[in-house]
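Comments concern the structure below.
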Amino acid sequence: MGQPDDGGAAARIEQLRRLIEYHNHRYYVLDAPEIADHEYDALFRELQDLEASHPELVTPNSPTQRVGAPPVESFAPAPHAFPMLSLANAFDANDLREFDARCKRMLGMGPEAIIEYTVEAKIDGLGISLTYEQGHFVRGATRGDGTTGEDVSANLRTIRAIPTILPDGLGLPSSFEVRGEVFLSKTEFARINAERGIEGLPLFANPRNAAAGTIRQLDSSVAARRRLQARFYDIRSDGRIPASTQLEVVELLRSAHFPTNDPTQMALGVEEVVRLCGEAEHTHSALDFAVDGMVVKVNSLALQAELGQVSRSPRWAIAYKFPPERARTRVLRIVAQVGRTGAVTPVAEMEPVFLDGSTVSRATLHNEDEVRRKDVRIGDFVWIQKAGDIIPEVVEVDVAARSGDEQEFAMPAECPVCGGAVVREEGEAVARCSNPLCVAKLKTGLQHFASRRAMDIDGLGPAIIEQLVDRGLVRDFADLYQLTHEQLAGLDRMAGKSAANLLAAIEASKRTSLARLVFALGIRHVGEHVADVLASHMGSLERLRSATEDELSSIHEIGPQIAASVAGFFADPRAQALLDRLVAAGLTWEEARSTSNMEDAFIAGKTFVFTGKLEHMTREEAEALVRSRGGRAASSVSAKTHCVVAGPGAGSKLDKARELGIEVMSEDEFLSKLGSPPDADNPTGPHQQSLAF
DNA sequence: TAGCCTCGAGTTCA
DNA sequence: CTCGAGGCTA
C-alpha cells in the first residue's frame, strides 16, 4: 500500500501462497506431489523474497511462517465455540451391543432394526480444534477441559498438512471449527528420542507424551523441527454444514484439503461393528502411529441430533478400547492410607515395573471388598494395567505362582495414623477412621482447603502442611490465617522469600466466594457443585449455617443424605466456632445475587410442572419461560414441586399435586402472576458483605 | 422401584 | 479415570 508496485506484489504473493498451499496438500496430505522439490523450493524462495521486501504484507497464514514464530511467554486461553466432548468407553463386544441397544431404544426402534455406523481408528494423540473464518485458519487450540483450551496456533501452523487457506466452492459456512487429533508417528518419535539421547536430554516415554510436549512448546520453531501429524473427523458450526452423514462429513473435510482419519468404514448394524473392531485389534500394531481403539459413530447426523448428549459425552458415539498393555510384578506390602473423610484405603506397594511409559510401584485397591474380590495377598505376583492410560490398577493375581507364604490383608481395626477406631458403616464399602481430630484427616483436609478450586492458596502443599501440623502451628483451617513470617521462615525448605510468597497467597485467599468457602470446608457429600447450589440458594453464610435439615432438603438436588450431612456439620459447636474465626480473620466474598433482572420473584428458585392442555403457549414455551426467569421446569410432580399449572384434561399429575398439597393454578392465573415485568429497581449490584457478626 | 445421570472422593506419575 | 452413591424421573 502506498508504493506504486505493491498492488502487483500483493497479487503475486497471494498467488504464490495459494500455489504453495496447493502443493503442500499434494505432498503432505495426498502423498502425491505434482512438482519436483526444487520447483517447490523455487516458489517458496520467491515468496520469501517478496515478503522480505514487503514486510507489511506478511501474514501469519503465509506458508513461510510454518517454520515457527518467536517464542511466547504462555498460551492464551481459547474458549471453544462448541464444547469438545469426550466419549464413553466400550471394552468388549457386549458393551458395543449394549450401546447399539440403547441407541435403538432412545430412537424408538425395535431390537431388530439396523443402525448404520461408522468405524474409524482412535488415534492415541491429542485432541485439537481449529477455527476457520472466511476460508482462513484463524486459531488452533488444545482440548483443555473441553470448554476452554490453550491457543497453540503457532505450533499447529508448523504442521504442513493443516491447510491455512481453504479451497472455495464447497458450501462451507463462513465460520466453523474442525476437530481432530495431532500425533507423532512411531518413526518420528524414535528419531526425536535418538536425537535427544545424543544430546543427553531425557527421553520421551511414548509418542503421545512427545506429541503433548511438542504441542505445548512455547517456542514453535522447536515444534517445526518435530514432524507432527494430524487427522480430522468432525466439523462444528452455527451455519449449515453441507453433509447429512458422518461419512459425508469426512468427505467434506477431505475436499477441503484436511487430512482425514482414513479409512472411516461403514458398518450396517452392530455385529458388523463388532467384526471391524475385532479385526482392527490384530492389525493396528502394523500402523506407524499409536491407535488405542476404534471410534464408533451413528452415521446419520439427524439421528445423532435426536440422540443428543449426556453431560459431556454424546450418546451417538462410543470408543471401543483395545485391551491395554499389562505387566507382571510382585506385591511387597499393602498399606492403609487415610484420606480427608477418614476413609482408610488399602494401597498395594509393588516391585517397581515399567509399564506404558512410566514406572509403576503403587496401585489403589479401593476397599476391603475389592481386596477380597481380587484376592490380592501380600507377596502375590499380580498383573497390572493402566486404567484410562494413567492410573495403575491390579487386574488379577497370578494364582499359579503362589508359594503358600502369601499373607492376606486385614483392614486395621485402628487408624494407622492416630490410633482411632476404624469403623465401617452398614451398607458402605469404605471403612473410616472415627476420630474427628485425626491428624491424617487434618492434613488432607488442609490440602483440600488450600486446593485451587477451594481457597486457592498457592504454595501450601503437602510438605509444608506436614510441618505446620507436626509443629503444632496449625490445628484447624482458621490457624492458617494467624501464621507469621517468622513461623513460616522457620520451616525446612522455606526461605524468607517463599515464606513471604506463601503469606501473600494466604492473604489473597481471603477474598473468595461463599461457594468456594463452603466447598473448602470439606463437608461430606458437599463437592464443588453442591457447594455452589447451597451458596446460591442460601445467599449468605448466616442463612446457611443456621438452616434446618428440612429447609436444606427442599432445595433441588439436595436430598436427605446431603441435608443431614450439612445440618450435622453446622450443628457442631466446633464448626460454628471455626466459622466465626474464619470470618474474624477477614474472609470476604461477594454476596450471591438473590434476584437479578432476569429473574422474577414469583418464579425464581421454584419448580413448576405443566400438565393438561395449555391455551396460550406450548409446553416447551412455558418451560422455557420458567427457566428464563430463574425457575425450573420438571416433568413429573414430586415433593420438590412448588407449583402445578394445570390446563384442561389434567390427570394423574394434578391428583398427585393435590395429594401432596402443592399449589395448583390455571394457565390464566399463572400468566397473570407474571403480568408485571421483572423488577427494574432490584438492588442487583453485588456488594461486600460485612463480616463482623 | 429401577434406571438413568451426575457428583464426590480417592488415586499415579512426571 | 473409576467406582460408589445420591438424586431425580418415569
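Labels below follow one simple rule: chain letters A, B, ... track the order of the sequence lines, proteins then strands, and each chain is numbered from 1. Basis for what follows: all heavy atoms, side chains included, without hydrogens, waters or symmetry-related copies.
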Q. Heavy-atom distance under 4.5 Å between the side chains of A:Arg216 and A:Asn155, does that happen here?
A. no

Q. Which parts of residues 333-354 of chain A get close to DNA chain B, meaning a heavy atom less than 4.0 angstrom away?
A. A:Gln337, A:Arg340, A:Thr341, A:Ala343, A:Thr345, A:Val347

Q) Should A:Leu446 and A:Leu480 count as side-chain neighbours, where that means a heavy-atom distance under 4.5 Å? A) yes

Q) With no hydrogens and no angle check, is any side-chain donor or acceptor of A:Asp572 less than 3.5 Å from a backbone partner on A:Phe569? A) no

Q. In whole Å, what is the span from the CD1 atom of A:Ile384 to the P atom of B:dT11?
A. 17 Å

Q) Looking for any heavy atom pair under 4.0 Å, which part of the strands does A:Glu370 touch: base, sugar-phosphate only, or nothing? A) nothing

Q) Counting side-chain heavy atoms from CB outward, which of C:dC1, B:dC5, B:dG8 is closest to A:His529? A) B:dG8

Q) Are the side chains of A:Leu514 and A:Leu541 in touch, meaning some heavy atoms are under 4.5 Å apart? A) yes

Q: Quick one: label A:Arg432 by what it contacts on the DNA or RNA (base, sugar-phosphate, nothing), any heavy atom closer than 4.0 Å.
A: nothing

Q.
By nearest atom, which of the nucleotides B:dG8, C:dT2, B:dT11 is closest to the A:Thr364 side chain?
A. B:dT11

**Q.** Among B:dT12, B:dG8, B:dA14, the one nearest A:Ser358 by side-chain distance
**A.** B:dA14

Q: Spell out, as yes or no, whether a donor-acceptor pair under 3.5 Å connects the side chain of A:Asp145 to the backbone of A:Thr148.
A: yes

Q.
For B:dA9 and A:Arg524 - does any side-chain N or O of the residue sit under 4.0 Å from the phosphate oxygens OP1/OP2?
A. no

Q. In B/S/- notation, 5' to 3', how is nucleotides 5-10 of chain C contacted by protein heavy atoms closer than 4.0 Å?
A. SSSSSS

Distance-only donor-acceptor pairs under 3.5 Å for side chains of residues 343-358 of chain A, two or more places apart:
residue, atom, partner, partner atom, Å
A:Glu349, OE1, A:Arg333, NE, 2.8
A:Glu349, OE1, A:Arg333, NH2, 2.9
A:Glu349, OE2, A:Arg362, NH1, 2.9
A:Ser358, OG, A:Lys386, NZ, 2.5

Q: Could you check whether the rings of A:Phe670 and A:Phe608 sit parallel, tilted or perpendicular, using 30° and 60° as the cut-offs?
A: perpendicular

Q. Is the shortest side-chain N to carboxylate O distance from A:Arg424 to A:Asp369 below 4.0 Å?
A. yes

